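Only one structure is covered here, and it is reproduced in the block below.
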2 protein chains.
Amino acid sequence: MTDEEGTVAPTHAATRSDVARLAGVSTAVVSYVVNNGPRPVAAATRARVLDAMEQLGYRPNAVARALRLRSAQAIGLVVPDVSNTYFGALARELSDQAFAAGYALLLGDADNDIDRERAQVESLVSHQIDGLVIVSLDPASVAETGSTPTVFLDQRSRPGQLSVMVDDRGGAMQAVSHLIGHGRTRIALLSGPRGAPGVERRQQGWRDALQAEGLPNGDELIVRSEFSRAGGFEAGRELLRRADRPDAVFVTSDVQALGLLAAARREGIGVPDELAVISFDGTEDAVYSDPPLTAIEQPIRLIAEAAFTAVLQKGLERSPLLIPVELVARESCGCAATAR
Amino acid sequence: MTDEEGTVAPTHAATRSDVARLAGVSTAVVSYVVNNGPRPVAAATRARVLDAMEQLGYRPNAVARALRLRSAQAIGLVVPDVSNTYFGALARELSDQAFAAGYALLLGDADNDIDRERAQVESLVSHQIDGLVIVSLDPASVAETGSTPTVFLDQRSRPGQLSVMVDDRGGAMQAVSHLIGHGRTRIALLSGPRGAPGVERRQQGWRDALQAEGLPNGDELIVRSEFSRAGGFEAGRELLRRADRPDAVFVTSDVQALGLLAAARREGIGVPDELAVISFDGTEDAVYSDPPLTAIEQPIRLIAEAAFTAVLQKGLERSPLLIPVELVARESCGCAATAR
DNA sequence: CTGTTAGCGCATTCAA
DNA sequence: TTGAATGCGCTAACAG
């Protein structure tokens, strides 16, 4: 009820033709001032238009614009789980990039589910996004994105595919070498889900570094879990209860390492004294844990920049970038104790 | 060039009229089968259409649909910082809700900046979202959302506004009472940014609970920081270095509490023995910290459900919901020690 | 410098 | 049960 009061609140939001009418110009002119082109507009006219827009509280309709331009001025991001610290940070940085360039960000949370991931990708693509950045659970089975430029983060399945790669193997090798430098000899791997981004290469790095020193690197030293605190806790507990418990662990993500630390505490195993730990990611999680985690730090801002650039300027960056990572020593590896 | 080769690769993605042509029907019929209505379609015809869609790899254009329907089948979420565990979890749950209902989620990260927040809101609204959920830095200065239903999370500025409120005051009182039950008498407050969601009411609850017991509750017992680990660390350090150091702290968020725990460790202050801590949020951060945080747990899934429902069925839920919270005892309050 | 106008892809009313 | 035609709001020729 009380909808036909009239004159008070406009039924629809103002459109460009309302503005044109009020300003006494054509709709084209309104476009020209809104978009600052492509044709010039007389200063006086422009002022009238601006004034009319103001009066009407005019807001351009981005959807109509998107239909016309075949571009929504938006990019999509699909991750397995935004509530994971690393992916959250990634979403934040990408949102930053997008915003700075005038793009909106559509987020698809795959909920660690491959079907959900497919559905999210299809939904985003149908929304006419200008590009898609995806951290896939299984890059081989990602839905077809047609003409939407798509960049995979830290994974590559098909050859010609756009990717931003992180130096997973190198990082893992750094981590393991560091552990060896601390005199550790039985270095386990707390790995992530098969096929998850970076996992295979981090694993390879772990193995290669161990191999080079003639240290044990068999599958019996590997445990796996999801990228989560709970996963790291369970897998860590299993590992730490073994008779031939390792004296160090390289972990494929910060959140898993948080779980591992909790497991060590529960088992009464001192870190770093009895168990040295180095994780991959180097998010804020690593800085404020107990003990603070020595970690292979991913430059998330750089990664987001590279991804954003690649996705919007397809062609140029077809060379797969390799983002460097670096070891940031904190306490979980034993460095602090050594220093003391 | 090579555009008239035909039959090979279509220049544009297939549209409804390509499908119609191939199936030998009108575009209206294609609509009917795509949308399963509003008119019936003969089984044989439907089969032909489905077949044509398949052949062409047809994907409906959500933007065109949105323009026509004046609804993008999408909702927006604006938070101060997605990389904050709590907001990340919220984004995830809301994404879940939206997905289940066939909606996409547009995410706006305000980057803890009020101007950025305004811009994000405007951008989302212009994208014709069907509803907006916002956790605002300053609800009074949120951009006008016009006819887009908007629900504020845990804050209310204007009277008629849609909100999903959490029982902040009650939760804070529970926390403080619990601390008092452990014999603590000098209970500080590590508070959040002024105007941030829930902060004022949590502060009120802290004060009221203390007041009721005749315990000190002056402003000198309050320190403030952003909702971040780093903020909690700095403010915590300041607090713990005072001559009249408190014997307990109620913290307005998990991430701040993580920072406080790190500060206590740095200062050599034992938690919970010398300093009991209870935080607000109860995310996974609380479960795997050292010691695990006793926390007032927010039912994030419930909150997301309430917000989603409210935003899409405006009118119905105009009564401001009050979501209950509950204290989950872990170790930082001293319960474990008591039990032992 | 400004006005007219033809679509962008889709849903739907009106005819058939 | 199906087809033809209209318009959602906007951009960008094309024509003054």
Side-chain angles (χ1 to χ4, degrees), chain A residues 10-50 52-53 56-74 125-130 146-147, chain B residues 10-50 52-53 56-74 125-130 146-147:
Chain A
T11 312
H12 310 315
T15 76
R16 131 225 126 212
S17 77
D18 296 320
V19 175
R21 195 175 315 119
L22 182 57
V25 300
S26 80
T27 60
V29 174
V30 178
S31 263
Y32 299 153
V33 356
V34 168
N35 304 326
N36 243 298
R39 312 242 63 114
V41 173
T45 313
R46 147 169 282 120
R48 282 215 316 287
V49 171
L50 256 15
M53 294 190 351
L56 266 36
Y58 172 70
R59 294 264 196 63
N61 181 326
V63 169
R65 183 188 168 95
L67 179 60
R68 176 64 227 245
L69 259 30
R70 299 153 167 284
S71 146
Q73 290 288 64
V125 168
S126 79
H127 278 273
Q128 306 296 100
I129 52 174
D130 300 293
S147 60
Chain B
T11 311
H12 309 314
T15 76
R16 136 223 122 214
S17 78
D18 296 319
V19 176
R21 195 175 316 118
L22 182 58
V25 299
S26 79
T27 60
V29 175
V30 179
S31 265
Y32 301 152
V33 353
V34 169
N35 304 327
N36 242 297
R39 314 241 64 110
V41 174
T45 312
R46 147 168 282 118
R48 281 215 316 286
V49 171
L50 257 14
M53 291 186 357
L56 267 36
Y58 171 70
R59 297 260 197 64
N61 181 326
V63 169
R65 184 189 167 92
L67 179 60
R68 177 64 228 247
L69 260 28
R70 300 151 166 283
S71 146
Q73 290 288 66
V125 168
S126 79
H127 277 274
Q128 307 297 101
I129 50 174
D130 300 292
S147 60

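Just so it is clear: chains get the letters A, B, ... in the order the sequence lines come, proteins before strands, and each one is counted from 1. Since the structure is predicted, the reported quantities are computational estimates derived from the model, not experimental observations.
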For A:S17, which contact category applies under a 4.0 Å heavy-atom criterion: base, sugar-phosphate, or nothing? nothing
5' priority, DNA chain C, between A:G24 and B:S31 [closest heavy atom]: A:G24
With no hydrogens and no angle check, is any side-chain donor or acceptor of A:R59 less than 3.5 Å from a backbone partner on B:S126? no
CD of B:Q128 versus C1' of D:dG9: gap in Å, rounded? 9 Å
Heavy-atom nearest pair, A:A23 first then A:R48, reads O-NE, 3.0 Å
Once base and sugar-phosphate atoms are separated, protein heavy atoms under 4.0 Å mark nucleotides 4-9 of chain C, 5' to 3', with B, S and - as BBBBBB
Contacts of A:R39 meeting side chain to side chain contact (heavy atoms under 4.5 Å, CB included) (sequence neighbours excluded), chain-then-number -> A:Y32
Please check: side-chain N/O of A:D130 versus main-chain N/O of A:A74, any donor-acceptor pairing under 3.5 Å? yes
In whole angstroms, the gap separating C1' of D:dG3 from CZ of B:R21 amounts to 15 Å
If you assign B:T45 and A:A62 each to the DNA chain D nucleotide with the nearest heavy atom, which residue ends up on the more 5' nucleotide? B:T45
Contacts of B:T27 that satisfy side chain to side chain contact (heavy atoms under 4.5 Å, CB included) - sequence neighbours left out: B:R16, B:S17, B:A20
I need the CZ-P distance between A:R39 and D:dA13, as an integer number of Å. 9 Å
What is the distance, to the nearest angstrom, from the CZ atom on B:R48 to the C1' atom on D:dT1? 12 Å
Could you check whether A:V30 gets within reach of a base, just the sugar-phosphate, or nothing at all, counting any heavy atom under 4.0 Å? nothing
Would you indicate whether the side-chain heavy atoms of B:N61 and B:T15 approach each other to under 4.5 Å? no
Describe the nucleic acid contact of B:V25 in one word from base, sugar-phosphate, nothing, applying a heavy-atom distance below 4.0 Å. sugar-phosphate
